[in-house]
Each structure stands twice: as structure tokens, then as C-alpha cells.
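This report concerns only the one structure given below.
In this chain, residues are counted from 1 in sequence order.
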Amino acid sequence: MKNGENETQIGKRFEACADSFTACIRVEKGLSEATCEAYRTDLNHYKKYLEENEIPELENIERTDIEKYVIFCAENGLSARSCARRLAAVREFHKFAVREGYVSRDVSQSVKPPKAGLTLPDVLSIDEVAALLEAACPEGVEDSASLRDRALLEFMYASGCRVSEAVGMNLNDLNVSEKIARVTGKGDKQRIVPVGSYAIASLEAYMKNGRPALAAKLRMSDSDKLKSGENGNIQALFLNKRGKRLSRQSVWEIVRNAAKKAHINKEIHPHTLRHSCATHMLSGGADVRTVQQMLGHSSVTTTQIYTHVTVQALAEMYISAHPRAL
């Protein structure tokens with residue numbers, strides 16, 4: 001059988017099963033569009049590997065083929081965590097394929113993911129956080145975008161929220177007088193988080209002197225007005241320069257630009273503020289359960305990664321300060 005024929009055969013069956021699988025996780029499991037797209041991307045990588053290795057049908061896939069695929073991913077530069085994520089997508093896909101009758105057996109469940117080493121999250125020092133926030137909107141600067149950027153970064157550091165949670169915030173999610181915010185996390189789970197006085201001050205400045213000017217840029221058509229419900233542009237807390245809800249991609253740019261202006265020579269991304277918030281809280285004496293609740297982690301094990309960061313900092317301080325450490 002020619003390779004082109006293999007591609008056609010596995011392509012048709014694979015695509016049909018993948019389409020049904022994606023529809024299932026979107027509708028039945030209620031996963032977000034971003035998560036569904038991530039699953040589909042992982043499956044596309046898997047399909048390409050099968051085609052290149054001339055495996056013509058889903059029914060022809062063996063456990064060893066999946067094991068070789070995981071090894072292939074690792075040898076091509078993917079981290080242990082990324083390999084494990086791709087394998088998880090493959091497992092769910094094969095489980096679905098059996099359930100829906102596309103294949104008669106599940107050959108994926110016994111395949112083990114590679115063991116991941118301990119990867120400590122990137123964290124800014126307290127001084128670096130202060131420099132980042134100042135760079136976003138230096139004192140005396142009053143333009144709308146800068147006020148928004150400062151308020152956004154202050155809020156993300158103060159609350160430890162994810163970037164998707166920050167851009168999903170609506171006006172009625174923030175209670176300035178009580179200094180709290182309602183955050184909607186993964187699985188549409190909501191939690192209440194405290195917001196510090198510095199962040200509240202920046203948010204008030206933005207909502208008074210920045211957001212109205214950005215909101216005025218929005219010229220809605222009748223169809224836009226029909227869509228402007230609770231989660232529409234009118235209700236969004238953080239707006240872009242066109243008056244619409246700020247995107248996650250825009251937050252990446254805001255963080256990178258602020259880091260560049262602050263001369264922070266670290267790999268920095270929006271999640272760095274979340275990591276820094278958790279680490280600084282634990283270093284300041286907060287217990288891990290409190291930080292778990294604030295970050296919205298379903299398991300305390302996820303939160304405990306930050307205790308390793310504080311222990312590492314303690315070890316470094318011990319080596320430099322104790323007269324008999326070395």
C-alpha cells in the first residue's frame with residue numbers, strides 16, 4: 001500500500017473519530033474552547049506520527065506504537081510534562097474510540113508517561129515586581145492604556161489569578177469597598193479572592209480615568225448590542241484600545257513590554273505574577289492551604305511546588321550567611 005493511500009485511509013477514520021471526540025468533550029464535558037483546541041492539536045500531532053510511520057488504520061495501532069510515539073515526542077525536545085499531556089490526549093481519544101465503536105480494543109491505557117523532574121516555577125523578587133508595576137505606568141502618566149496595564153498587573157499579582165481569569169473579569173466581579181473579587185476559574189468554578197490596597201488604588205484610577213475613554217471607542221452595531229450581556233464588552237473590566245474585552249495574547253504583550261522597560265532579564269510571562277504571588281505569600285508566613293484556596297488549586301499538591309521555591313531560597317541564604325555552611 002502506498003503512503004498516500006495510508007494517509008487517506010487513516011485520515012478519514014481518524015478525522016471522523018476526532019471530530020466526534022472533540023464535540024463530546026465540548027458538549028458533554030463542558031470543556032472550554034481553548035482546552036478543546038489543545039486536545040485537537042495534540043491529536044493532530046499523533047495522527048501525523050501515525051501517517052509518517054505508515055500505520056494505515058486505527059485498528060492497527062498497537063501499544064508499542066504509542067510507546068514509540070511518546071519516545072518520539074521526548075526525542076524531539078518536548079518536556080516530560082508536554083509528553084504526558086500528549087499521552088493523556090491519546091488515552092482519552094482511544095477510550096472514546098472504543099466506546100463509540102471505531103475500534104474494538106483500547107491499547108493506550110497501559111502506556112506510562114515519562115517521569116517529570118521537579119521544575120520550579122519562574123519567580124520575580126519583590127523588588128522586581130515593584131519595578132515591573134512601575135514600568136507599566138510610571139508615576140504621573142495618565143493615558144488610558146498605561147492606567148489599564150498597571151491596574152491589570154497589580155490585580156494579577158495581588159490576587160494570584162490566571163491570565164484567563166483576569167481577562168474574564170467583569171465590572172460586577174470587583175467589590176472595591178470590600179477589597180475582594182469574584183474570580184471564575186477552570187470548570188467555571190468561582191472563588192472569592194482578596195485584593196490588596198495597592199491594586200485597589202490602581203483599579204480605581206483605571207476605572208475613573210482610563211476605562212471610560214477605552215469604552216468610548218466601542219461603536220456597537222445592533223448585533224453587537226444583542227451580544228452585550230453579562231459577559232459582553234460592556235461588562236468587561238479590562239478593555240483593549242478598541243473598547244473590547246482584553247485578550248490573553250494582549251496580556252502577554254503587556255507583561256513582556258513592562259519587563260523590557262523594567263530591565264528584567266528573566267523569562268517572564270503572565271503566569272510569573274501568579275507564581276510570584278504564591279511564593280511571596282508562603283515566604284511571608286501564609287499556610288499552604290490558604291494559598292491553595294486563593295489560587296483555586298483543586299489539590300494542595302499543586303500548591304506545594306511553591307514551598308520548594310521558598311526552601312530553595314532558604315538554602316541559598318543559609319549557604320551565604322552561616323559561618324559553617326561550607
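- Atom CG in Leu50 sits 10.0 Å away from atom CG in Asn60 (nearest 0.5 Å).
- Looking at Arg248 and Ser164, their side chains come closer than 4.5 Å, going by heavy atoms from C-beta outward.
- Criterion: ILVMFWY side-chain heavy atoms under 4.5 Å apart, direct or through other members. Under it, Leu239 and Leu171 are part of a common hydrophobic cluster.
- In this structure, the separation between CG on Leu237 and CG on Leu203 is 6.5 Å, given to the nearest 0.5 Å.
- Taking a 6.0 Å sphere around CZ of Arg99, one finds it holds more than 12 heavy atoms contributed by other residues, nucleotides or ligands.
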Go through Lys68 and Glu62 one step at a time and tell me if the side chain to side chain contact (heavy atoms under 4.5 Å, CB included) criterion holds. CA-CA 10 Å; Lys68 288 176 183 178; Glu62 300 292 341; over 6 Å; no
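- Of the possible polar contacts, one joining the Asn240 side chain to the Arg242 backbone as a donor-acceptor pair under 3.5 Å is found.
- When atom types are taken as modelled, the side chain of Asp143 and the backbone of Ser146 share a donor-acceptor pair closer than 3.5 angstrom.
- Val195 and Ala181 get closest at one heavy-atom pair: CG2-CB, 3.9 Å.
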Walk me through whether Leu132 and Leu273 qualify under side chain to side chain contact (heavy atoms under 4.5 Å, CB included). CA-CA 10 Å; Leu132 181 77; Leu273 290 169; 3.8 Å; yes
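- Hydrophobic cluster membership of Ile192, counting Ile, Leu, Val, Met, Phe, Trp and Tyr whose side-chain heavy atoms lie under 4.5 Å apart directly or via other members: Ile180.
- Atoms CD and CD1, from Gln109 and Ile66 in turn, are 9.0 Å apart once rounded to the nearest 0.5 Å.
- Environment of NZ in Lys48: sparse, with no more than 12 heavy atoms of neighbouring residues, nucleotides or ligands closer than 6.0 Å.
- Counting heavy atoms from C-beta on, the side chains of Leu43 and Phe21 come closer than 4.5 Å.
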List the steps, then state whether side chain to side chain contact (heavy atoms under 4.5 Å, CB included) holds for His280 with Val129. CA-CA 11 Å; His280 296 166; Val129 171; 4.0 Å; yes
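- For the pair Lys179 (side chain) and Ala199 (backbone), a donor-acceptor distance under 3.5 Å is absent.
- The line from OH of Tyr206 to CG of Leu214 is 5.5 Å long, rounded to the nearest 0.5 Å.
- Using modelled atom types, no side-chain atom of His271 and backbone atom of Asp122 make a donor-acceptor pair closer than 3.5 Å.
- One finds a salt bridge joining Arg105 and Glu59 here, because a Lys/Arg side-chain nitrogen approaches an Asp/Glu carboxylate oxygen to under 4.0 Å.
- Environment of CG in Asp287: crowded, with over 12 heavy atoms of neighbouring residues, nucleotides or ligands closer than 6.0 Å.
- With values rounded to the nearest 0.5 angstrom, Leu133 atom CG is found 4.5 Å from Glu154 atom CD.
- Side-chain contact between Ser250 and Phe238 is absent, with no heavy-atom pair separated by less than 4.5 Å.
- No more than 12 heavy atoms of other residues, nucleotides or ligands shown are found within 6.0 angstrom of OH on Tyr198.
- Of the possible donor and acceptor atoms, one in the side chain of Glu134 sits under 3.5 Å from a partner among the backbone N and O of Glu139.
- Put simply, the side chain of Arg274 reaches to within 4.5 Å of the side chain of Arg162, judged on heavy atoms.
- Put simply, CG on Leu246 and CD on Glu253 are 11.0 Å apart, with the number rounded to the nearest 0.5 Å.
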Would you check, one step at a time, whether the test side chain to side chain contact (heavy atoms under 4.5 Å, CB included) holds for Asp149 with Cys137? CA-CA 7 Å; Asp149 295 351; Cys137 184; 5.9 Å; no
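- Closest of all the heavy-atom pairs between Val291 and Ala286 is CG2-CB, 4.0 Å.
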Using residues 71-79 as the side-chain source, report each donor-acceptor pair under 3.5 Å to any protein atom, sequence neighbours left out, with the distance given to one decimal.
residue : atom : partner : partner atom : Å
Asn76   : ND2  : Phe72   : O            : 2.7
Ser79   : OG   : Ser82   : N            : 3.2
Ser79   : OG   : Ser82   : OG           : 3.2

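- Shown here for Ile268 and Ala259, the closest heavy-atom pair between the two residues is CG2-CB, 3.4 Å.
- For Arg191 (side chain) and Leu295 (main-chain N/O), a donor-acceptor pair under 3.5 Å exists by modelled atom type.
- Contact of the Asn257 side chain with the Lys260 side chain is not registered, since no non-hydrogen atoms from C-beta on lie closer than 4.5 Å.
- Formation of a donor-acceptor pair under 3.5 Å by the Arg245 side chain with backbone atoms of Met169 is found in this model.
- Of all the heavy atoms in Glu15 and Arg40, the pair that sits closest is OE1-NH2, 2.6 Å.
- Residues Ala131 and Ala262 come closest through the heavy atom pair O-CB, 3.6 Å.
- Look at Glu67 and Arg63 and you find a salt bridge, because one of the NZ, NE, NH1 or NH2 atoms lies within 4.0 Å of a carboxylate O, short of that distance.
- In this pair, Tyr46 and Phe93 present their aromatic rings perpendicular. The plane angle is above 60°, beyond the 30 to 60° band.
- For the pair Cys24 and Glu92, the minimum side-chain heavy-atom distance is 4.5 Å or more.
- The heavy-atom pair separating Cys161 from Ala166 by the smallest distance is SG-CB, 3.8 Å.
- Within the 4.5 Å cutoff, side-chain heavy atoms of Leu152 are placed close to those of Met156.
- Counting only heavy atoms from C-beta outward, the side chains of Lys208 and Leu147 never approach each other to under 4.5 Å.
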